[in-house]
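Structure record follows, encoded as structure tokens.
Each residue takes its place number in the sequence, starting with 1. What you see below is based on every heavy atom in this structure, not just the backbone, and it leaves out hydrogens, waters and symmetry mates.
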Amino acid sequence: MTRTLATSIGLAAVAVVWFSIGMFHRIPSEPGWFTLFIAVPLAAVTSWRAGRRGRTFWRYMSVGLVLVGLGAASAANDYFRDTEVSQPISVFTSVVYVSGLIAMLLGLMRIRGSRRTRIEWTRFGLDIATVIVTVVTFSWHVFYPRWHSWLGDSTTAAVSFIVVLAAGFICAFAFVKVAFTGTGPIDRRALHILALTGAVGAGGGALAPLLATHSYLNSAWVILPATCMLTCLAADRQTRATRAGRPLPRPVPRRLSFMPYAAVLATGILLMSGARSKSTDLEMIAAGSVTVTVLVAARQLVALRDNSRLLDDLDARQRELAYQADHDALTGLANRTVLVRAITAALAGEPSSLSVALIDLDDFKAINDDLGHAVGDALLIAVSERIAAAVPAGGVVARLGGDEYAMLLPGDAAATLAEVTAQLRRPVHAGGYELVVEASIGLAPAQCGDTAQELLRRADVAMYEAKGQGKGRQVGYDPVMDQRTADLARLAADLRIALDTDQLYLHYQPIVSMPGGELFGVEALVRWTHPERGPVGPAVFIPAAERTGLIVPLGAWILEEACEQAVRWCDELGEGAPRTVTVNVSARQLREAGFAADVDAVLRRTGLAPHVLTVEVTETAVFDGGTALEELRAIAALGVKIALDDFGTGHSSLGLLRTCPADILKVDKSFVDDIVTGGHEAVVAAALIRICDGMNLRAVAEGVETADQAAELYRLGYRYAQGYYYARPMPPEAIATYRPAAAKQRSAA
């Protein structure tokens with residue numbers, strides 16, 4: 001308890017004791033006024049302090065208390081000028097009192113929770129009118145018999161008293177009304193105490209006529225110290241709540257206002273009380289009027305209660321709809337709308353300390369396809385919780401859709417992303433599975449003049465750059481990326497046109513038998529001659545096709561074209577036709593459910609024997625298993641051969657050779673380049689041929705460019721090779737004229 005509050009309580013106790021003594025013995029008036037003149041300034045100062053942190057209401061309270069104090073000083077002047085009247089009150093005194101109460105009401109109306117619609121203001125005005133009529137009626141009934149002994153013949157004093165009394169009750173009613181309909185930033189308990197303050201002040205004033213036989217007493221001596229003590233208590237409660245940083249109170253449900261009904265009931269009881277001294281007929285009429293009023297009020301009360309329940313249900317539904325409009329239904333995170341709003345608001349402050357990050361889970365589609373959407377949803381929820389836990393105060397996490405998240409990061413974004421990455425690397429338990437998650441992250445720091453849309457675009461560009469560099473990468477935005485992205489978009493658009501306008505064609509590189517170099521098979525390689533750019537290499541347009549998804553229709557075209565060409569060779573060359581035609585298939589194609597069925601349809605449509613076709617995939621495409629591996633097994637079941645390309649450069653898991661239905665192992669060029677000089681490459685090449693022999697796999701050495709390399713590979717046990725030493729990729733008609741001797745002569749020249 002503060003010293004100010006203790007002093008206020010002490011003054012109120014002294015005032016009550018002194019007033020109680022005065023009820024039985026005549027006492028001097030000076031101590032009563034002196035206590036009042038200390039209590040009021042003390043309450044005003046306490047209220048002003050409670051409003052230091054932006055609570056305008058408490059400043060209005062302080063001003064109102066100052067005016068009430070001036071009114072008390074004027075009342076003291078009235079008292080000492082006319083000591084024969086118990087409660088002398090001049091027009092000036094009543095004006096000052098009412099001004100103080102109006103200041104408090106103005107402060108009350110500035111509280112956010114007290115703002116109302118026009119209809120609500122109408123109801124509020126009717127309630128106040130009801131209070132005024134009730135107060136005037138009761139006041140008249142109480143002090144009219146004591147008029148002359150209490151106020152003498154002063155009609156002005158009587159009217160002034162009734163005006164102040166009515167204003168006091170209005171103030172008390174307003175405090176109660178706001179306390180039960182929402183208080184904005186004001187502590188609700190503090191406002192409840194203030195409502196009690198108004199009730200004590202107004203109720204005590206209403207009992208003033210009872211002091212008609214004690215002309216030396218004034219009700220203000222005890223009323224004002226008591227109300228000032230309660231005001232100090234409320235202000236102290238507000239100050240402690242502000243310091244503690246308590247959250248703002250939530251809006252309270254609508255409550256019915258019982259004040260008008262209480263006023264009707266009280267006025268009816270008063271009518272019956274007055275009628276008892278008259279005739280029985282008047283008493284019956286009064287009783288009937290009161291009964292009808294009560295019944296009508298009860299009916300209205302029931303209807304209002306039902307309407308209130310409906311409104312509460314409507315409010316709850318509206319709050320639910322508002323929540324759904326701003327949050328992701330699955331994870332509970334904010335959605336794009338909330339994120340954009342938050343970024344826009346943050347950019348209005350200090351954009352230099354802000355960043356936006358985009359997170360995209362790698363290979364999430366495979367989890368959905370292989371384990372089902374229930375497991376995928378469980379994974380998204382778990383990941384959302386981990387990301388949200390890593391974001392500092394002031395940050396915002398949103399799910400943009402699918403497996404993509406966005407974050408607004410204040411301060412040190414690098415530290416936050418490091419924490420997010422660490423959280424995601426921990427195994428995630430989802431739907432009974434323990435999953436390992438990797439994510440590609442793009443980061444875009446904010447700059448002056450940025451918009452929310454521009455920041456999100458940059459983060460998206462950086463995120464796709466991270467995806468292009470591999471899994472589990474984090475990349476910051478660089479303006480150079482915009483040019484690359486624009487070039488990639490134009491290239492993808494041109495590639496789409498190329499697919500539709502026959503700009504693409506296939507070349508075939510021979511796969512030969514060693515040591516003679518006889519033609520064994522061919523590998524289909526796509527080529528593109530752009531009408532303006534000229535030849536565009538596969539290393540340029542294949543990544544664009546992968547990123548945009550065009551690799552799926554492109555791969556389908558290559559498969560169809562290669563199978564049709566293989567059938568033509570069989571018809572034209574007979575035994576001299578390539579024994580196998582190899583077609584490269586991307587990981588994206590393998591993840592498409594039903595790819596094996598598409599291969600079967602192409603074989604049936606072209607009439608190609610399944611054993612002639614070889615589907616070539618990289619080991620990374622099937623390393624994670626799932627849909628890709630299932631589709632590959634279904635393709636092998638058709639009788640199609642499976643080749644693992646670039647073996648030894650990816651995950652290099654020997655276990656893959658047991659799970660993947662491979663028939664052919666293609667040894668990467670990096671192990672062939674230095675095979676003549678010995679070293680690690682020669683050791684790996686020798687080990688791989690032994691593995692292939694042991695597992696009954698056909699080994700094909702890629703990238704053979706010299707006779708020495710070919711000789712060394714043959715010495716190690718390789719019987720099939722591919723490379724420029726034998727032949728470069730060539731158009732389909734050149735395959736018919738391929739001869740081993742010609743290839744060697746070209747190499748020697």
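Nearest heavy-atom pair across A444 and A459 is CB-N, 3.6 Å. Closest of all the heavy-atom pairs between D362 and S440 is OD1-OG, 2.8 Å. Taking both residues in full, the closest heavy atoms of A544 and L491 are given as CB-CD2, 3.9 Å, listed atom of the first, atom of the second, then distance. Shortest non-hydrogen contact noted between L716 and A682 is CD1-O, 4.5 Å. When all heavy atoms of A596 and A634 are compared, the pair lying nearest together is CB-CB, 3.5 Å. Looking at every heavy atom in both residues, A721 comes nearest to V704 through CB-CG2, 3.9 Å.
When only modelled atom types and interatomic distance are considered, Y505 and T529 share a side-chain donor-acceptor pair under 3.5 Å. With no hydrogens or angles considered, no side-chain donor-acceptor pair links H327 and N335 at under 3.5 Å. Under the 3.5 Å distance criterion, with hydrogens and angles disregarded, no donor-acceptor pair is assigned to the side chains of T618 and D645. Defined by atom type and a distance below 3.5 Å, a donor-acceptor pair is missing between the side-chain atoms of T677 and D674. Residues Q709 and E705 bring no donor and acceptor atom of their side chains to less than 3.5 Å of each other. Using modelled atom types and a 3.5 Å distance limit, the side chains of D360 and Y405 yield no donor-acceptor pair.
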* Could you go through the salt bridge (Lys or Arg N to Asp or Glu O under 4.0 Å) check for R605 and E560 one step at a time? => CA-CA 9 Å; R605 190 161 51 249; E560 184 101 21; 2.7 Å; yes
* To do: Under the side chain to side chain contact (heavy atoms under 4.5 Å, CB included) rule, what do D494 and W528 come out as? Steps first, then yes or no, please.
  => CA-CA 11 Å; D494 288 348; W528 178 20; 3.8 Å; yes
* To do: Just do the salt bridge (Lys or Arg N to Asp or Glu O under 4.0 Å) check on R496 and D500 with the steps written out, would you?
  => CA-CA 7 Å; R496 178 73 265 182; D500 297 335; 3.3 Å; yes
* To do: Could you give me the CA-CA distance, side-chain angles and deciding distance for L455 and L347, then say whether side chain to side chain contact (heavy atoms under 4.5 Å, CB included) is met?
  => CA-CA 10 Å; L455 264 180; L347 288 173; 4.0 Å; yes
* Please lay out, stage by stage, how L506 and R527 fare under the test side chain to side chain contact (heavy atoms under 4.5 Å, CB included). => CA-CA 6 Å; L506 296 183; R527 295 293 183 260; over 6 Å; no
* **Verdict with reasoning, F364 to L379, per side chain to side chain contact (heavy atoms under 4.5 Å, CB included)** => CA-CA 9 Å; F364 176 74; L379 175 63; 3.9 Å; yes
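Atom CG of N696 has 12 or fewer heavy atoms from other residues, nucleotides or ligands within 6.0 Å. Dense packing is recorded around OH of Y477, with more than 12 heavy atoms of other residues, nucleotides or ligands lying under 6.0 Å away.
A donor-acceptor pair under 3.5 Å is absent between the side-chain atoms of E404 and the main chain of G401, judged by distance alone. With hydrogens and angles disregarded, a donor-acceptor distance shorter than 3.5 Å links the side chain of D450 to the backbone of Q447.
With values rounded to the nearest 0.5 angstrom, T421 atom OG1 is found 6.0 Å from R425 atom CZ. The structure places CD1 of I551 at 8.5 Å from CZ of F541, a figure rounded to the nearest 0.5 Å. We find the CG-CG distance between L456 and L400 to be 7.0 Å, quoted to the nearest 0.5 Å. Going from atom CD1 of I642 over to atom OG1 of T614 covers 8.0 Å, rounded to the nearest 0.5 Å. Here the OG-CZ distance, from S384 to R399, works out to 7.0 Å after rounding to the nearest 0.5 Å. L380 CG to L361 CG: the interatomic distance, rounded to the nearest 0.5 Å, is 6.5 Å.
Salt bridge absent: E631 and R591 never bring a charged side-chain N and a carboxylate O closer than 4.0 Å. The pair D673-K669 meets the salt-bridge criterion, with a side-chain N (NZ, NE, NH1 or NH2) lying under 4.0 Å from an Asp/Glu carboxylate O. A salt bridge links K666 to E523: one of the charged nitrogens lies within less than 4.0 Å of a carboxylate oxygen. In summary, E546 and R588 do not engage in a salt bridge, as defined by a charged side-chain N under 4.0 Å from a carboxylate O. D482 and R457 are joined by a salt bridge, as a carboxylate oxygen and a charged side-chain nitrogen come within less than 4.0 angstrom of each other. A salt bridge does not link K641 with D663: every distance from a Lys NZ or Arg NE/NH1/NH2 to an Asp or Glu carboxylate oxygen is 4.0 Å or more. Checked for salt-bridge contact, D693 and R690 miss the test: no charged N lies under 4.0 Å from a carboxylate O.
Considering only heavy atoms from C-beta on, V522 stays 4.5 Å or farther from Q509 through its side chain. Looking at H611 and T580, their side chains never come closer than 4.5 Å, going by heavy atoms from C-beta outward. Between Y720 and I664 there is no side-chain heavy-atom pair separated by less than 4.5 Å. Side-chain atoms of V667 and Y718, non-hydrogen and from C-beta on, do get closer than 4.5 Å to each other. By the 4.5 Å heavy-atom criterion applied to side chains, V383 and R386 are not counted as neighbours. Using a 4.5 Å heavy-atom cutoff, the side chains of M481 and R458 are not in contact. Here the side chains of V391 and V396 are not in contact, with every heavy-atom distance at 4.5 Å or above. The closest side-chain heavy-atom distance from L417 to I441 is below 4.5 Å.
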